[in-house]
Amino acid sequence: MSHSTKIDFIYLSEPDMIRAGVTDMPACVDTMEEMFGLLYHGDYRMAGSNNDSHGAMVTFPEESPFPTMPKPTADRRMMAMPAYLGGNFCTAGVKWYGSNIANREKGLPRSILMFTLSDADTGAPLAHMSANLLSAYRTGAIPGVGARHLARRDARVVGLMGPGVMGKTTLAAFMAVRPQIDTLKIKGRGAKNLDLFISWVKETFPQITTIQVVTEIEELVRGSDIVTYCNSGEVGDPEKYPLVKREWVKPGAFLAMPALCNIDEGMEQPDVRKVVDNTGLYHAWFEEVPKPAHKHIPIIGVKFMDMIAEGKMQAEQLEDIGKIIAGDAAGRENDEEIIIMSVGGMPVEDVAWGTMVYRNALKNDIGVKLNLWETPALR
């Protein structure tokens, strides 16, 4: 039996990705929900000893004898994030994550990302694609999945901190699942970013008729049905992470946190439901860094792991969104409960959305076809 050794793949630039549907947020939310079902049933693999690692990151020393070695500046990441996802996907992939907050001084985004999608059997490349939008939309879609199951059905007011890329995609996901939202409270650092964000909101979601710029986090949180922190900042001191105080939070609020966040003792109490996007991810993170882990990884789910280790919370109180989606655990149970969800980000999300975009590209003849080889020179 003969087999062709020829391997072709496609390259998808950012404009190609847009043409192939990477910015279709309702479809992305649905894809992320399907992905969570596979996670819950175990039909996936990521890196690390428990197959749940976020990825492998290169770190740099504070002082180096090599003048050309990068410095450990804020948001400095050089990271490989591999994963396999089964089900309707049955593909593997790896995202290369290069990030430095100083990029903004050069007119570049903080993060510059690429994603390679591979055949899960042979490992051969299927596509090499620009991944900034891929990553942004899959990240924003996760709070949308959470809101679909955990926000009140009559939610109308969103409080959002961080008028950047993550803020845009997170708001887009909320609008996809709760289209009756008509009020936005927003907090940002500079007038320029706020003005650009507000213009985007007015153009993209004209049903949001009330937009209020606030200067204090308390004002952002109070009265909001859905709250999200999408800001970037320095990691290392949880006391400086943006805080949520229980007294600010409206009964029935849903909080989705994909960025730096801390909570007060009131929010630590067991009547505040605590949900994560994948319990195994937080176990992997907790094992990989010194303690307290929240000092090194500012995601609120890592704070939950510290709380468990310190005896402030029982492990069984930590809920997994996949279990809720599968129907093996309750979603929102009443209009008064407060629910906070941690969003950590996982490479299986890139594999899921990257696979769908790739299939759309093939169907619509989008992208540049490239040849790896007709026959490999060495076998």
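Worth saying up front: this structure is predicted, and the values here are computed from it rather than measured. Values reported hereafter were calculated over all heavy atoms of this structure, with side chains retained and with hydrogens, waters and symmetry mates removed.
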Item to check | M341 side chain reached by V276 side chain, heavy atoms, under 4.5 Å | outcome: no
Checklist outcome for this item: Per side chain to side chain donor-acceptor pair (under 3.5 Å), T355 is matched among T31, D350, N88, T91 by T91
Checklist entry - Going by distance alone, is a donor N or O of one side chain under 3.5 Å from an acceptor N or O of the other, for S224 and K250? => result no
Next on the checklist: Give me the atom names and distance for the closest heavy-atom approach of W96 to M79.
Outcome noted: CE3-O, 3.2 Å
Checklist entry - Any side-chain heavy atom of S232 sitting closer than 4.5 Å to one from R189? => result yes
Next on the checklist: With side-chain contact (heavy atoms from CB on, under 4.5 Å) as the criterion, how do E14 and M129 come out once you've worked through the C-alpha distance, each side chain's angles and the decisive distance to 0.1 Å?
Outcome noted: CA-CA 8 Å; E14 184 167 270; M129 59 185 75; over 6 Å; no
Next on the checklist: Go through it in stages, so that I can follow the logic: the residues are M78 and M57, the test is side-chain contact (heavy atoms from CB on, under 4.5 Å), and I'd like the CA-CA distance, side-chain angles, deciding distance and then a yes or no.
Outcome noted: CA-CA 6 Å; M78 290 188 178; M57 184 163 66; 5.9 Å; no
Next on the checklist: Under a 3.5 Å threshold, yes or no: a donor from one side chain and an acceptor from the other, between S130 and S13?
Outcome noted: no
Next on the checklist: If you define the side chain from C-beta out and look only at heavy atoms, does anything of M257 sit under 4.5 Å from V244?
Outcome noted: yes
Checklist entry - Regarding Y44 and D52, is there a side-chain donor-to-acceptor distance under 3.5 Å anywhere? => result yes
Next on the checklist: For the CD atom on E239, are there more than 12 heavy atoms of other groups (residues, nucleotides or ligands in this structure) within a distance under 6.0 Å?
Outcome noted: no
Checklist entry - Taking the six-membered ring where the residue is Trp, are the ring centres of F115 and H128 under 6.0 Å apart? => result no
Next on the checklist: Counting only heavy atoms from other residues, nucleotides and ligands, does the tally under 6.0 Å from CD of E203 exceed 12?
Outcome noted: no
